Amino acid sequence: MGDNNNTNRGLVSANAAANSNRNNNGSHHKKPEWLQQYDLIGKIGEGTYGLVFLAKIKPPSPSRGKSIAIKKFKQSKDGDGVSPTAIREIMLLREITHENVVKLVNVHINHTDMSLYLAFDYAEHDLYEIIRHHRDKANHPLNQYTVKSLLWQLLNGLNYLHSNWIIHRDLKPSNILVMGEGEEQGLVKIADFGLARIYQAPLKPLSENGVVVTIWYRAPELLLGAKHYTSAVDMWAVGCIFAELLTLKPLFQGQEVKGNPNPFQLDQLDKIFKVLGHPTVEKWPTLANLPHWQQDLQHIQGHKYDTAGLFNVVHLSPKSPAYDLLSKMLEYDPRKRITAAQALEHEYFRLEPLPGYNALVPIQPGEKVINYPTRPVDTTTDFEGTTSLQPPQTASGNAVNMQGAHAVAGRSVPRPMIGVGMPRMPPQGMGPYNLASQAGMGMNPGGIPMQRGVSAQAHQQQQLRRKDPGMGMPGYPPQQKQQRRY
Amino acid sequence: MAANFWTSSHYKQLMDQEEVDVVQSLDKDRGITLEDFKLIKMHMANYILKLAQHVKVRQRVIATAITYMRRVYTRKSMTEYDPRLVTPACLHLASKAEESTVQARLLVFYLKKIQSDDKHKYEIKHILEMEMKILEALDYYLVVFHPYRALSQLLPDAGLNDISMTQLTWGLVNDTYKMDLILVHPPYLIALACIYIASVLREKDTTAWFEELHVDMNVVKNISIEILDFYENHRMITEERILSALNKLSMKP
């Protein structure tokens, strides 16, 4: 990985030349050495942190012709070097390997402009596009096999992350990729780890990273200001995505109040309560401790809701296994919410049609194979991000559909959040001091081989199960009392 | 994986002492000996600590920064990667990796405050450039495990979690970063060696406890001897000795 054999000097001169040529018709002849192993196809996404490009590996590489998504991080605006988002993403993806997690194949640095490039295996589809295709073009729902296979693989990847103490924190349809034609066709890949965190022994409360998770998929405990949230926030998002796969509409489409550092989003909570009813302290005991629950009594507690009923909204029989699973994912109390490991064992996945490896091609004969559209590529943008004929873009809202309205003369325009996914909400600046958390040293046993006491196997199970509702910290082994301080 | 040491990049990257003790040829050309090499790294570890105390970061950030620095010099020469610049850059990168970002401008501010000589005035821009070079030199592996977590678990298990033992072992672990142990041994073994030394010093009988652990006591004892040897040698290290090693670096070969 990397270009350790490239000298810095080589890159500098090559790139200076590229820069000087740029105004000359966007010439790509002089590129940094590492860039020359790729053929740039075009831009496929854009976000707060930079741009995403589609490229193909050139010969003589044995993987020539293979498609690669390259995420370019701009130098952080605060003039503080590599953005913490990029660091977080690199550091996690460098450690993890799973078939349902996007694969980081290379990291490149352009020392001249201090930009950083992450190269991923390219996935042609994502759940945002697949859902949109069914809603707007195909006009029929996803078949049951596809829904179940997508969900199972998503949970399988998430179970891997959670058992490694990683919370994704930004799950949404556009971050769930699906491989197109090829060996891995129909395989789900969880992408965009820009907000992901190792929560085993954080030096600060997780909430200090700022509010995370796109509002529609945000768990109620986050909306109510929980400081010590857990992997259960990802399961809430999975529940929302599951419902969206069934109905082709986002389940809770709240209006986001922007520019508000406060995580409290009244409209989003309102949308949730309308479907699931009012949460109660009886059902969710720690609710009373959440800051915004206490502070906003008249708004959220005063309103009475006529519950529409989740089963009505998603058109499922309340007795169906699918509904049972969904309602367990959308459990208000994060400690009671189903875990990824438990969800994988749910009856829903043991009933026909059984989930499969290739979610896009049903095994049953006679089922129609849907040809999902390929990702739009903007071929007018080069790696420097220079655009020759870039149509105007509006980067706003949750997964706002960028198709159609802005398309110019047959040239498709990339959506703001696709490809390897770009988180919309940057973590808020972290101060240099962390005296407040000086006392909280990590005490989890994850990395330590303890040959007595807790056996490795028992420990594994503790990581996967959540059976200690008294701790306020789901996901943690019950007997480790010290962990309460997180 | 990020949480299991045995599947982590840290475990896979553990090296033999002989591999760590290789002086890069560019440095050799300047007359740097293995002893110089070790001294400069120790001096840098102390410098990181000093800088970190000014910007107030947790011990784990310091430990990660020192580990990065030591890893860098298993691959890169001090001639090309100036220790005076690698030090703040490692701390900057480690602070981001450990979610306690310290701004580069703050590091520069304190660098200038600490530094007595005017020869090596480094600015924010230099730190940020070096940060990227370090990221590259580390081959983008940033997750580092430390003995502290093991220590805070093992001590109560051994019934040694009184303040005096905690402070002693914690201090011993801190001092292990003046050596290359973190590149060579799994962190929990380093923690055990520190507990072993502390229990001998304080005359606590931990024999039965160690036996029950089913760890290779030879390894634990060897690490302990290394630490004790270091303390023994450390007394002979003078400021002049370190300065002369550093001066070799600034000489033309």
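Lettering follows sequence order; numbering is per chain, from 1. Here the structure is a predicted model, which means the values were calculated and not measured.
Dense packing is recorded around OH of Tyr47(B), with more than 12 heavy atoms of other residues, nucleotides or ligands lying under 6.0 Å away. By the neighbour-count criterion of 12 heavy atoms within 6.0 Å, atom CZ of Phe210(B) is densely surrounded, having more than that number from other residues, nucleotides or ligands.
With sequence neighbours excluded, the residues satisfying side-chain hydrogen bond (donor to acceptor under 3.5 Å, both in side chains) with Asp175(B) are Tyr231(B). Shown here are the salt bridge (Lys or Arg N to Asp or Glu O under 4.0 Å) partners of Glu123(B), two or more places apart in sequence or in another chain: Lys112(B).
Side-chain contact between Met114(A) and Met132(B) is present, with heavy atoms from C-beta onward closer than 4.5 Å.
Using modelled atom types, one finds no donor on one side chain facing an acceptor on the other under 3.5 Å when comparing Glu95(A) with His10(B).
When atom types are taken as modelled, the side chain of Asp80(A) and the backbone of Ala104(B) share a donor-acceptor pair closer than 3.5 angstrom. In this structure, Arg94(A) contributes its side chain and Asp139(B) its backbone to a donor-acceptor pair below 3.5 Å. Lys96(B) contributes a side-chain N or O that, together with a main-chain N or O of Val82(A), makes up a donor-acceptor pair within less than 3.5 Å. Of the possible polar contacts, none joining the Glu131(B) side chain to the Gly81(A) backbone as a donor-acceptor pair under 3.5 Å is found.
Of the atoms belonging to Ile124(B), it is side-chain heavy atoms, and not backbone ones, that fall under 4.5 Å from chain A.
The structure places CE of Met91(A) at 11.5 Å from CG of Leu138(B), a figure rounded to the nearest 0.5 Å. Here Ile87(A) contributes atom CD1 and Leu93(B) contributes atom CG; the two are 5.0 Å apart, rounded to the nearest 0.5 Å. In this structure, CD1 on Ile96(A) lies 12.0 Å from OG on Ser9(B), to the nearest 0.5 angstrom.
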Please determine whether side chain to side chain contact (heavy atoms under 4.5 Å, CB included) holds for the pair Tyr140(B) and Ile109(A), giving the CA-CA distance in whole Å, both sets of side-chain angles, and the decisive distance to 0.1 Å.
CA-CA 11 Å; Tyr140(B) 312 100; Ile109(A) 284 176; 3.7 Å; yes
